[in-house]
Every structure is written in structure tokens, then in C-alpha cells.
Asks: 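Dumping the structure here so I can ask a few things about it.
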Amino acid sequence: MLKDVNLPVRTERLALRRATVNDAEAVRAYKQHPDVSMWIPSDGTDPDDFRRRFCDPAKLAGTLVIEHESVVIGDVKIGIVDGWAQDEVSEHARGTEAELGWCLAPNAQGRGFAREAMREVLRLCFVDLELRRVTAECYADNEPSWRLMERLGMRRESHTVRDSLHRTLGWLDGMGYALLAGEWEARTQ
Ligand SMILES: CC(C)(COP(=O)(O)OP(=O)(O)OC[C@H]1O[C@@H](n2cnc3c(N)ncnc32)[C@H](O)[C@@H]1OP(=O)(O)O)[C@@H](O)C(=O)NCCC(=O)NCCS
């Protein structure tokens, strides 16, 4: 479980720590920027609604914030889920995968911070949490997000067609990527 992992962790330029209720406003400040809200589930315009969602204990438990020079510049979602399995073997698939999500403040983008943070998150998933697979999804039009997945070595597993409803653009295509523990190990050797 993520609650058992040793945090914060540091990279060359960043620190990743557990999100707390005190981070709600800092995170909302960048999530309501149009370049960010364009691609994420909630646009953060209603402060009370944002705070209620952000502070939900189950959601908070799966959220890390990314700090650069002690300022919150982004956040990462790590949702631990079951792998698909037939009934007789389902207990072996329980809690073996993570669904990842990410977001950087606009002024922190284009500096390699997402890649630096997510490389550490992959290590945390495969080494600390001993997961067997991580996945991530985005709109196909969100090229910065799927390009990040590719920079991390994730494999494109799906390109779905007009299955994902966007608040202003209507039904859009989706992209799904994944990485197995063995694939990650082969890349890091
Ligand atoms: C998706 C997102 C996190 C990607 O952020 P990003 O800054 O593009 O990704 P990286 O940290 O990997 O940075 C890569 C860029 O930094 C540049 N860069 C500059 N300095 C660098 C360094 N020291 N190391 C590595 N890259 C560096 C790279 O050249 C690259 O630029 P390019 O895209 O012009 O080629 C960001 O676009 C975002 O938060 N978007 C809004 C929210 C969102 O879409 N979330 C996902 C929903 S599914």
C-alpha cells in the first residue's frame, strides 16, 4: 500500500511527498489554468467543490505533490487496482497494478520535471510497492501527456475511437499505455 512507502523521496531537482489538505489551494491554482484544465477531469473553477474532492481521504491517500525549491509545482495520482483475473486466481491479481495520473503547473512544464518525477514514481511502483504493471491514459489530442508516457518507456496498448467525452470538444479518441515490471527492469539495467 502507498501508505507504507517511505516518503518524501528526492530526485536531482525535486521532492515528492504525500499531499495534505493544506495543498488544496496551491494545486487548484494551477489546475484551473486553461492549459491544464483542458485535459483533466475537473476544471477547479468551484473552490468548494475542488477542495471537497481533493480532501477526500481515499483520493488524498493516492496523491503525491511534486515540489521544486519547496514550491508545489505538480501532483501525481497513484491508484492501486486489481489486475484482471479469472475468479479462481483473482486473489493473485489483487492490488498488483497502478493507474498513474500527472499534472504540472504551466510554468513548470518544458523543463523535464514530469519525466524526472515520474521516473521516481515508476521506481516506487516497481521496487517499493512490488507492482507488476502500471498504466496511464489520456485523450489522444493530449500529445504532451502521451509523449511523456513514451519518454518513460511505456508501451501504447490502445487507441480508442471517440469513446471519451470532453467538456468542450465532444467525443474524442483516447490513448492507453502500460509498462510491466520486467520491461522497466530491462530499461533500468
Ligand atoms: C503532461 C505534462 C505533465 C507533460 O509535461 P512536460 O513538461 O511536457 O514533460 P517533461 O517533464 O517530460 O518535459 C519534457 C520537455 O522538457 C524539455 N526539457 C527542458 N529541460 C529538460 C531537462 N533538463 N530534462 C529533460 N527535458 C527537458 C524537453 O525537451 C521537453 O520539451 P519538448 O516537449 O518541447 O520536447 C504537462 O503537459 C501537463 O501537466 N499537462 C497538463 C495536465 C495534463 O494534461 N495531465 C495529464 C492528463 S492525462
Side-chain angles (χ1 to χ4, degrees), residues 9-17 19 23-45 50 53-54 59 62-81 97-126 131 133-180 183-184 187-188:
V9 285
R10 288 177 201 289
T11 65
E12 199 183 324
R13 299 177 291 174
L14 308 171
L16 279 83
R17 63 164 173 81
D23 296 313
E25 260 317 299
V27 172
R28 193 176 80 86
Y30 61 77
K31 288 214 166 177
Q32 61 179 340
H33 188 287
D35 292 350
V36 175
S37 65
M38 174 81 175
W39 300 118
I40 60 176
S42 311
D43 66 8
T45 45
F50 182 85
R53 287 168 190 264
F54 186 83
K59 211 167 168 193
T63 306
L64 305 183
V65 290
I66 307 168
E67 288 185 336
H68 174 60
E69 296 176 344
S70 304
V71 174
V72 173
I73 58 154
D75 58 278
V76 180
K77 298 274 158 36
I78 305 177
I80 298 180
V81 295
E97 298 195 6
E99 293 171 349
L100 303 181
W102 41 66
C103 197
L104 278 189
N107 62 4
Q109 295 176 18
R111 301 173 65 183
F113 286 153
R115 182 168 74 163
E116 187 171 321
M118 293 314 299
R119 283 172 79 169
E120 182 58 23
V121 168
L122 291 179
R123 190 205 59 75
L124 192 151
C125 286
F126 291 126
L131 300 178
R133 183 170 179 262
V134 301
T135 63
E137 292 179 348
C138 67
Y139 287 110
D141 288 346
N142 189 357
E143 195 174 327
S145 196
W146 63 253
R147 277 167 48 95
L148 171 62
M149 298 175 202
E150 295 192 347
R151 279 196 292 278
L152 293 168
M154 299 180 78
R155 238 179 326 96
R156 185 181 295 180
E157 290 195 333
S158 62
H159 179 163
T160 53
V161 178
R162 278 183 243 155
D163 66 315
S164 307
L165 186 56
H166 187 279
R167 62 177 81 84
T168 56
L169 303 174
W171 290 100
L172 297 181
D173 291 6
M175 292 286 192
Y177 281 71
L179 185 67
L180 292 166
E183 293 171 320
W184 175 79
R187 278 179 66 87
T188 51

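The figures here come from the full heavy-atom set of this structure, side chains too, leaving out hydrogens, waters and symmetry mates.
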Asks: Just so I know, are the side chains of Thr135 and Leu100 near enough to count as touching, which here means a heavy-atom distance under 4.5 Å?
Replies: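 Side-chain contact under 4.5 Å: no.
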Asks: Measure from the side-chain N and O atoms of His68 to the backbone N and O of Arg13, and report whether any donor-acceptor pair falls under 3.5 Å.
Replies: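 Pair found, side chain donor or acceptor close to backbone of Arg13.
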Asks: Got Phe50 and Val27 here, is their nearest side-chain heavy-atom distance under 4.5 Å?
Replies: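 Yes, close enough: below the 4.5 Å cut-off.
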Asks: Do any N or O atoms from the side chain of Asp173 and from the backbone of Arg162 form a donor-acceptor pair under 3.5 angstrom?
Replies: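 Side chain of Asp173 to backbone of Arg162, a donor-acceptor pair under 3.5 Å: yes, one is there.
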Asks: Considering non-hydrogen atoms only, spot the tightest contact between Leu179 and Gly153 and give its length.
Replies: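 That would be CD1-O, 3.3 Å.
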Asks: Does any N or O in the side chain of Ser158 come within less than 3.5 Å of the main-chain N or O of Gly176, such that one atom is a donor and the other an acceptor?
Replies: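 Yes.
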Asks: Could you tell me whether the side chain of Thr63 and the main chain of Ala19 form a donor-acceptor pair under 3.5 Å?
Replies: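 A pair under 3.5 Å: no.
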Asks: Out of curiosity, Met118 CE to Leu152 CG, how far, rounded to the nearest 0.5 Å?
Replies: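 Nearest 0.5 Å value for the CE-CG distance: 6.5 Å.
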Asks: Please name the pair of heavy atoms, one in Met149 and one in Cys138, separated by the smallest distance, quoted to 0.1 Å.
Replies: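 Answer, listing the atom of Met149 first, then Cys138: CE-SG, 3.7 Å.
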Asks: Is it true that Glu157 and Arg133 have a side-chain N and a carboxylate O under 4.0 angstrom from each other?
Replies: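 Here Glu157 pairs with Arg133 in a salt bridge, since their nearest N and O are under 4.0 Å apart.
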Asks: Between Arg167 and Pro41 (side chain of the first, backbone of the second, donor and acceptor by atom type, cut-off under 3.5 Å), is there such a pair?
Replies: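 Yes; at least one donor-acceptor contact below 3.5 Å.
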Asks: Are any non-hydrogen side-chain atoms of Tyr30 and Pro106 less than 4.5 angstrom apart?
Replies: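 Yes; the side chains approach each other to less than 4.5 Å.
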Asks: So, does Thr11 use its side chain to make a donor-acceptor pair with the main chain of Leu14 at under 3.5 Å?
Replies: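 The answer is yes, because a donor-acceptor pair under 3.5 Å joins these two groups.
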Asks: Please tell me if the side chains of Asp75 and Ile66 come closer than 4.5 Å, counting only heavy atoms from C-beta onward.
Replies: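 Not touching, per the 4.5 Å side-chain cut-off.
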Asks: Regarding Glu25 and Arg28, does a basic nitrogen lie under 4.0 Å from an acidic carboxylate oxygen?
Replies: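 Salt bridge present between Glu25 and Arg28.
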Asks: Closest approach of Leu172 and His166, non-hydrogen atoms and distance?
Replies: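 Smallest heavy-atom distance, with atoms named: CD1-CB, 3.7 Å.
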Asks: CG of Asp43 to OG1 of Thr168: how many Å apart, nearest 0.5 Å?
Replies: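 So the gap between those two atoms works out to 10.0 Å.
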Asks: Donor-acceptor pair, Glu67 side chain versus Arg17 backbone, under 3.5 Å?
Replies: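 No, because the side chain of Glu67 does not come within donor-acceptor range (under 3.5 Å) of the backbone of Arg17.
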Asks: Is the backbone N or O of Leu180 less than 3.5 Å from a side-chain atom of Glu183, with the two atoms forming a donor-acceptor pair by type?
Replies: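 Indeed, once roles are kept as given, a pair shorter than 3.5 Å links the two residues.
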Asks: Check the pair Val121 / Ile78 against side-chain contact (heavy atoms from CB on, under 4.5 Å), numbers first and verdict last.
Replies: CA-CA 9 Å; Val121 168; Ile78 305 177; 3.8 Å; yes
Asks: Taking side chain as C-beta onward, heavy atoms only, is Ser42 less than 4.5 Å from Arg53?
Replies: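 Of all side-chain heavy-atom pairs linking Arg53 with Ser42, at least one is under 4.5 Å.
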Asks: For Arg123 and Trp184, which heavy atoms make the closest approach, and how far apart are they?
Replies: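 Here Arg123 and Trp184 meet closest at CA-CZ2, 3.7 Å.
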Asks: Do Gln109 and Val36 come close enough that some side-chain heavy atom pair is under 4.5 Å?
Replies: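 Yes; the side chains approach each other to less than 4.5 Å.
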Asks: So with a 6.0 Å cut-off around CZ of Arg10, is the heavy-atom count from everything else above 12?
Replies: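 Atom CZ in Arg10 is not crowded, with 12 or fewer foreign heavy atoms closer than 6.0 Å.
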Asks: Of all heavy-atom pairs between Cys125 and Ala98, which one has the smallest distance, and what is that distance?
Replies: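 Heavy atoms of Cys125 and Ala98 come nearest at SG-CB, 4.1 Å.
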Asks: Working to the nearest 0.5 Å, report the span between CZ of Phe113 and CD of Glu12.
Replies: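 Going from the CZ atom of Phe113 to the CD atom of Glu12 covers 10.0 Å.
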Asks: Indicate yes or no: does Arg156 engage Glu150 in a salt bridge with an N to O separation below 4.0 Å.
Replies: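 Looking at Glu150 together with Arg156, the answer is yes, because their closest N to O distance falls below 4.0 Å.
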Asks: Could you check whether the rings of Trp39 and Tyr139 sit parallel, tilted or perpendicular, using 30° and 60° as the cut-offs?
Replies: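 It falls in the tilted class, 30° to 60°.
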Asks: Would you compute the distance between atom CH2 of Trp171 and atom CG of Leu165 and round it to the nearest 0.5 angstrom?
Replies: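 Between Trp171 CH2 and Leu165 CG, I get 4.5 Å after rounding to 0.5 Å.
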Asks: More than 12 foreign heavy atoms under 6.0 Å from CD of Glu137: is that the case here?
Replies: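 Atom CD in Glu137 is not packed in, count stays at 12 or less.
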Asks: Measuring from Phe54:CZ to Lys59:NZ, what's the distance to the nearest 0.5 Å?
Replies: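 Answer for the CZ-NZ pair, Phe54 versus Lys59, is 8.5 Å.
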Asks: Is Phe126 close to Val134 at the side-chain level, that is, under 4.5 Å between some pair of heavy atoms?
Replies: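 Contact flag for Val134/Phe126 side chains = yes.
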Asks: Please say whether more than 12 non-hydrogen atoms of neighbouring residues, nucleotides or ligands are located less than 6.0 Å from CZ in Arg119.
Replies: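 No, because the 6.0 Å sphere around CZ of Arg119 holds 12 heavy atoms or fewer from other groups.
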Asks: How many angstroms lie between CD1 in Ile40 and NZ in Lys77, if you round to the nearest 0.5 Å?
Replies: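 If I round to the nearest 0.5 Å, the distance is 8.0 Å.
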Asks: Is there a donor-acceptor contact under 3.5 Å from the side chain of Trp146 to the main chain of Ala140?
Replies: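 Such a contact is found between Trp146 side chain and Ala140 backbone.
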